[in-house]
Amino acid sequence: MPNPAALELVALSKRYGATTAVDAINLRIAAGTYCCLLGPSGCGKSSTLRMIAGHEAASDGDIILGNQNVTDLPPARRGTAMMFQSYALFPHLTVLDNVAFALKMRGVDKTTRRSKASELLELVAMTPYAGRLPTQLSGGQQQRVALARALITEPQILLLDEPLSALDPFLRIKMRAELKRLQRELGITFIHVTHGQEEAMALADLVVLMNGGRIEQMGSPREVFNRPRTAFVARFIGGHNVIETSGGAIAVRADKLALYPGLGQAGIAGAVTDVEFQGTFVQVVIKTEAGDELIAHLGEAAFDARPVAVGDAVTATWDATQAHGLA
Ligand code: ADP
């Protein structure tokens with residue numbers, strides 16, 4: 001493998017006619033990073049990924065890989081490889097030939113490309129399936145083959161567009177761990193597009209949360225979760241209450257709220273509308289007098305100390321040090 005390089009996006013924009021899909025974003029991703037582009041549908045994640053891959057031309061700005069400006073290079077000459085959402089394996093080629101395909105296109109001789117393809121099948125634990133056709137594989141197995149196929153060109157950056165969305169929840173969590181393992185083993189950068197905050201939190205070294213074509217916040221999962229910059233981030237990441245106060249909006253984590261029966265305390269008064277046992281905590285939903293919804297995650301002991309039921313009047317309080325100001 002060549003030494004992996006840092007990727008830099010400089011004022012990168014994508015416009016489709018009158019639609020600005022990506023709006024002058026600046027982003028530096030250090031070599032060997034697991035980066036998740038996260039955000040709601042339509043926020044510009046895929047357009048960003050496709051521009052990095054070279055499948056979509058940038059409208060403005062630059063894409064720098066290492067010390068090379070790759071903005072205008074064709075996909076095969078960038079040092080990136082893309083794994084698509086639909087794995088798009090060639091149905092008439094065996095697993096081994098699917099994986100070797102990119103090397104065949106590059107004129108690599110048969111022995112070399114087959115040996116390289118075998119190595120990659122080993123890496124993704126698919127060696128026993130080398131002679132099968134894609135239709136003889138499960139969804140998860142096809143995905144491993146697609147991964148091996150993308151990796152055979154020894155990219156410095158692997159681009160993954162919603163790679164787990166077609167899998168059932170059980171397999172998704174299993175493959176998620178495998179992606180992370182692969183990325184660690186290979187030491188290259190993965191840029192993974194997802195709209196699932198849990199997936200991004202679980203995988204990423206660097207979360208880049210996009211909104212309306214811009215980067216709303218970036219940082220490690222813990223930074224983004226513990227210090228959401230805006231109400232949008234707090235709401236999208238989940239697990240937070242966004243509360244309007246006289247001094248502006250604040251975020252308070254659901255697990256930092258305490259509930260007291262009755263309306264006597266200082267805090268926010270409301271009525272309990274839902275109580276759900278969730279295993280390690282009890283989720284209580286409160287409708288405030290202003291009509292907003294608050295969510296409290298109470299440990300079992302805290303819940304048992306002051307149990308509440310649907311219809312109860314309660315006051316929600318929090319320690320001032322747990323309130324986090326939003327921009
Ligand atoms: P995401 O991946 O976050 O869902 P996209 O990058 O696919 O977002 O899309 C961003 C915006 O650009 C959306 O408003 C979308 O409708 C628009 N868009 C994406 N691709 C095209 C296209 N080929 N032609 C026109 N508009 C597009």
Side-chain angles (χ1 to χ4, degrees), residues 7-29 33-65 70-75 78 80-88 143 146-147 150 155 157-167 169 172 175-176 179 183 189-221 224-225 228-238:
L7 177 75
E8 201 164 351
L9 308 182
V10 185
L12 188 66
S13 294
K14 180 67 197 180
R15 287 182 291 274
Y16 303 99
T19 306
T20 300
V22 180
D23 194 1
I25 62 170
N26 293 295
L27 174 62
R28 189 176 190 284
I29 304 174
T33 301
Y34 204 119
C35 173
C36 284
L37 299 183
L38 173 67
S41 178
C43 73
K45 308 178 296 291
S46 296
S47 297
T48 302
L49 199 74
R50 291 200 302 264
M51 285 192 284
I52 298 170
H55 296 149
E56 195 81 72
S59 305
D60 257 318
D62 290 295
I63 303 166
I64 317 284
L65 184 54
V70 301
T71 317
D72 299 318
L73 289 185
R78 293 185 172 215
T80 59
M82 180 97 151
M83 199 191 95
F84 294 95
Q85 194 170 16
S86 57
Y87 314 127
Q143 187 177 43
L147 262 174
I157 300 183
L158 182 67
L159 306 165
L160 307 109
D161 194 354
E162 299 269 6
L164 304 175
S165 62
L167 304 176
R172 193 177 304 152
M175 276 310 292
R176 183 168 96 184
L179 283 178
Q183 187 267 337
T189 294
F190 279 25
I191 305 179
H192 172 144
V193 161
T194 177
H195 59 268
Q197 56 83 22
E198 192 193 315
E199 190 169 305
M201 292 282 151
L203 281 170
D205 302 311
L206 176 66
V207 174
V208 177
L209 179 47
M210 296 183 67
N211 179 24
R214 292 167 179 263
I215 296 175
E216 187 87 10
Q217 186 168 359
M218 58 180 135
S220 72
V224 174
F225 187 77
R229 196 178 64 79
T230 61
F232 173 86
V233 176
R235 291 203 174 95
F236 191 85
I237 292 294

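Numbering of ligands and ligand atoms starts at 1, following listing order.
Under the 4.0 Å distance rule, the nearest protein heavy atom to atom 15 (C) of ligand 1 falls outside the cut-off.
A salt bridge links R176 to E198: at least one charged side-chain nitrogen sits closer than 4.0 Å to a carboxylate oxygen. A salt bridge does not link K45 with D161: every distance from a Lys NZ or Arg NE/NH1/NH2 to an Asp or Glu carboxylate oxygen is 4.0 Å or more.
The only option from Q217, Q197, M210 that meets the side-chain contact (heavy atoms from CB on, under 4.5 Å) definition with L38 turns out to be Q197.
What you find for T71 and R78 is that their closest heavy atoms are O-NH2, 2.9 Å.
Residues forming a salt bridge (Lys or Arg N to Asp or Glu O under 4.0 Å) with R235 (at least two apart in sequence, or on another chain): none.
Selection from S46, G42, S41, G17 by nearest heavy atom to atom 10 (C) of ligand 1 gives G42.
Ligand 1 has no nitrogen or oxygen under 3.5 angstrom from a nitrogen or oxygen of T19. Geometrically, ligand 1 and S47 share a nitrogen or oxygen pair separated by less than 3.5 Å. When only interatomic distances are considered, the shortest N/O to N/O separation between A21 and ligand 1 does not fall below 3.5 Å. Not one N or O of E56 is nearer than 3.5 Å to an N or O of ligand 1, by distance alone.
Atom 8 (O) of ligand 1 has its closest protein heavy atom at G44 N, 3.1 Å. Closest to atom 19 (C) of ligand 1 among all protein heavy atoms lies Y16 CE1, 3.4 Å.
Those atoms of ligand 1 that come under 4.0 Å of a heavy atom in C43, given as number and element, are 1 (P), 3 (O), 8 (O). The ligand atoms of ligand 1 that sit less than 4.0 angstrom from a heavy atom of P40 are 3 (O). Atoms of ligand 1 found under 4.0 Å from any heavy atom of R50 (numbered from 1 in listed order, with element): 20 (N).
Counting heavy-atom neighbours within 6.0 Å of R172 CZ, excluding the residue itself, gives a total above 12. The number of heavy atoms from other shown groups lying within 6.0 Å of NE2 (H55) is above 12.
Under a 3.5 Å cut-off, the side chain of K14 and the backbone N or O of A57 do form a donor-acceptor pair.
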